[in-house]
Amino acid sequence: MAYGNALAVLADPTRRKVFERLRSGPRPVNVLAAGLPVSRPAVSQHLKVLKQAGLVEERSEGVRRIYSLRREGLVELRAWLDSFWGDALEAFRLEAEESYSRSKRNK
């Protein structure tokens, strides 16, 4: 149930904002923290949680740590969300078939 962990981790609005900032590519902590209402050390803690959840990865570049999205970490969450789409489409298909059958009977 890794998707549950991803949902829990991304439930925090600041953490989610940090995560979203990585969409456009790898970033160091100071760039991720710019403009956020929390300190750079707080952003580092959020990144640590995201890393433990398998949603981001880090690499060293000299003395800096560069963070990037770990897309594999979202695979299970995406599959879970996609299952709702499949269920919705199936329900729509069944309703459309039933509606069509009713209209044919009423003619």
Checklist entry - Apart from F92 itself, which Ile, Leu, Val, Met, Phe, Trp or Tyr residues share its cluster (side-chain heavy atoms under 4.5 Å, direct or through members)? => result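 Cluster partners of F92: none, it stands alone.
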From [X] atom [atom1] to [Y] atom [atom2], the distance as rounded to the nearest 0.5 Å:
{"X": "L69", "Y": "E20", "atom1": "CG", "atom2": "CD", "result": "10.0 Å"}
{"X": "L89", "Y": "L94", "atom1": "CG", "atom2": "CG", "result": "11.0 Å"}
{"X": "R65", "Y": "E57", "atom1": "CZ", "atom2": "CD", "result": "13.5 Å"}
{"X": "L32", "Y": "L22", "atom1": "CG", "atom2": "CG", "result": "5.0 Å"}

Output side-chain donor-acceptor pairs under 3.5 Å for residues 47-55, partner residues at least two apart or in another chain, one line each.
from : atom 1 : to  : atom 2 : distance (Å)
K51  : NZ     : E58 : OE2    : 2.6

Should [X] and [Y] be regarded as members of a common hydrophobic cluster, given that ILVMFWY residues are connected when their side-chain heavy atoms come within less than 4.5 Å of each other, either directly or indirectly?
{"X": "V31", "Y": "L36", "answer": "no"}
{"X": "V75", "Y": "L7", "answer": "no"}
{"X": "I66", "Y": "V56", "answer": "no"}

Checklist entry - What pairs with R93 under side-chain hydrogen bond (donor to acceptor under 3.5 Å, both in side chains), at least two apart in sequence or on another chain? => result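 By the side-chain hydrogen bond (donor to acceptor under 3.5 Å, both in side chains) rule, R93 matches E90, E97.
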Item to check | Heavy-atom pair with the smallest gap, counting every atom of S44 and V29 | outcome: OG-CG1, 3.5 Å
Checklist entry - Is the CZ atom of R71 crowded by more than 12 outside heavy atoms at less than 6.0 Å? => result no
When the side chains of residues 10-18 are checked against the rest of the protein, which donor-acceptor pairs come out under 3.5 Å, sequence neighbours left out?
from : atom 1 : to  : atom 2 : distance (Å)
D12  : OD1    : T14 : N      : 3.0
D12  : OD1    : R15 : N      : 2.8
R15  : NE     : H46 : ND1    : 3.2
R15  : NH1    : V9  : O      : 3.1
R16  : NH1    : L10 : O      : 2.7
R16  : NH1    : A11 : O      : 3.2

Next on the checklist: Listing request: all ring-ring contact (aromatic ring centres under 6.0 Å, His included) pairs with a residue in residues 51-81, at least two apart in sequence or in separate chains.
Outcome noted: Y3-W80, W80-F84
Checklist entry - Which pairs, with at least one residue in residues 21-30 and sequence neighbours excluded, count as a side-chain hydrogen bond (donor to acceptor under 3.5 Å, both in side chains)? => result S24-R27
